[in-house]
Amino acid sequence: MSFTRLAAELEALRGESRLRRRRMLESPCAAEVLAEGAWRVNFAANDYLGLANHPALAAAAQAGIARWGVGAGASHLVSGHTAAHEALEQELAQFVGMDAALYFSAGYMANLGILPALAGRGDALFADRLNHASLIDAQQLSLATVRRYPHGDLAALTRLLESTPAKDRVIATDAVFSMDGDIAPLAELAELARRYDAWLVVDDAHGLGVLGPQGRGSLAHCGVADPRIVYMGTLGKAAGVHGAFVAGHALFVEWLLQRARTYIFTTAAPPLLAEAVRASIQLMRAGDALRARLAEHIAALRAGLAGTRWQLLPSDTAIQPVIVGTDAAAVELSAALWQRGLWVPAIRPPTVPEGTARLRISLSAAHTAEHLQSLIAALVALQ
Ligand SMILES: *Cc1c(COP(=O)(O)O)cnc(C)c1O
């Protein structure tokens with residue numbers, strides 16, 4: 001691409017209201033943040049339990065620095081795998097009820113590691129149409145034949161599984177869809193995986209810590225367990241730290257250790273982060289009060305917007321999207337809320353399908369009832 005072309009493309013994005021920009025924070029992630037000169041209520045983070053700035057996690061990270069320093073110095077398979085990483089992997093596996101787990105430096109990296117390790121040329125990969133971008137990129141990297149099924153459409157998926165000539169099959173799905181907030185039919189997907197001898201890859205970026213007894217995630221929430229399930233949980237959202245993990249059957253995890261290029265060819269995450277995540281598991285386990293507060297906020301928002309122009313998508317999770325329609329209208333609404341001290345991001349294509357630009361309201365246990373009431377009042381005023 002020439003510079004002239006770059007400038008023209010950027011100008012075109014600006015014209016379509018699709019130029020992305022970053023807003024800079026001058027305070028830690030919390031329910032209220034100092035951003036661009038004013039304090040705003042933050043409905044834009046994935047810190048669903050309010051742990052990102054929790055003193056116990058900060059203390060664990062500091063103790064981790066005191067013990068381990070900062071850098072891991074090498075990849076896990078060379079010399080970067082510390083006792084902190086090892087303990088974390090065991091604790092994560094136990095938390096989600098799986099044999100074993102590997103700690104990746106990001107959910108994006110974990111997904112890019114999983115799919116190519118499970119499927120290659122000639123294999124078939126079945127993916128929900130609304131899967132996260134990292135799963136979509138991972139599909140392409142795998143070189144498998146990709147069949148995307150309409151969102152949550154089990155009948156369509158069944159037809160695809162029925163007709164595939166491929167011997168090795170993988171179904172991949174978000175557990176909680178990141179831009180819609182709904183939960184995948186995990187029990188039915190696990191049943192299809194059994195019936196058609198497929199792996200089921202479950203991306204639980206938005207369920208871990210939030211759903212299930214003790215916050216053990218979407219599988220526990222749906223009461224689903226199966227050796228052919230590969231579970232991916234991220235640790236930078238409800239867990240409040242950074243990184244991700246993949247858990248599953250012992251043989252699969254051993255295979256991943258041999259084959260996941262995004263685990264093998266990258267420096268291990270700083271052990272201080274592993275220590276912080278270990279502390280986070282304790283807080284998530286003991287976080288029933290946080291999950292109860294989050295549930296109250298979800299109920300308050302849904303009740304407060306009922307009967308208004310702003311129709312929330314059906315969602316029982318911390319992700320509460322309001323479909324606005326055009327990109328410009330979504331951006332305008334988000335800007336009007338911003339002016340009122342409320343930070344609610346507008347999500348536009350290509351992140352979501354054309355014509356479904358939306359506000360993505362992210363709720364957190366860190367919010368107060370007053371934060372919710374001010375958001376509801378502002379949306380009512382902006383109808
Ligand atoms: C955020 C997210 C990821 C990526 O996780 P990171 O740790 O932020 O890289 C993967 N899948 C889904 C569904 C997500 O929402």
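For this chain, numbers begin at 1 and follow the sequence in order. Atoms within each ligand, like the ligands themselves, are counted from 1 in listed order.
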For [X], the ligand 1 atoms whose distance to one of its heavy atoms is below 4.0 Å:
X: Ala205; result: 2 (C), 11 (N), 12 (C), 13 (C), 14 (C), 15 (O)
X: His206; result: 14 (C), 15 (O)
X: Asp174; result: 13 (C)

Which residue owns the protein heavy atom closest to [atom], what's the atom, and how far is it?
atom: atom 4 (C) of ligand 1; value: Tyr108 N, 3.6 Å
atom: atom 2 (C) of ligand 1; value: Lys237 NZ, 2.4 Å
atom: atom 5 (O) of ligand 1; value: Gly107 CA, 3.3 Å

**Request:** Pick out which of Val344, Ile323, Leu312 makes a side-chain contact (heavy atoms from CB on, under 4.5 Å) with Leu359.
**Result:** Val344

**Asked** With distance as the sole criterion, is a donor-acceptor pair present between the side chains of Arg147 and Thr145 under 3.5 Å?
**Response** no

Of the backbone atoms (N, CA, C, O) and the side-chain heavy atoms from C-beta on, which set of [X] has a member under 4.0 Å from an atom of ligand 1: side chain, backbone, both, or neither?
X: Ser178; result: side chain
X: His242; result: neither
X: Met109; result: neither

Could [X] and [Y] be called an ion pair, given the rule that one side-chain N must be under 4.0 Å from one carboxylate O?
X: Asp197; Y: Arg228; result: yes
X: Arg14; Y: Glu11; result: yes
X: Arg293; Y: Glu296; result: no

Spacing of [X] atom [atom1] and [Y] atom [atom2] [to the nearest 0.5 Å]:
X: Gln90; Y: Gln94; atom1: CD; atom2: CD; value: 9.0 Å
X: His76; Y: Leu257; atom1: NE2; atom2: CG; value: 9.5 Å
X: Asp180; Y: Arg358; atom1: CG; atom2: CZ; value: 4.5 Å

**Ser134 to ligand 1, any heavy atom closer than 4.0 Å** =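 In this structure, Ser134 qualifies as a contact of ligand 1 - some heavy atom is under 4.0 Å.
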
**Request:** Going by heavy-atom distance to atom 13 (C) of ligand 1, choose the closest among Asp203, Leu112, Asn46.
**Result:** Asp203

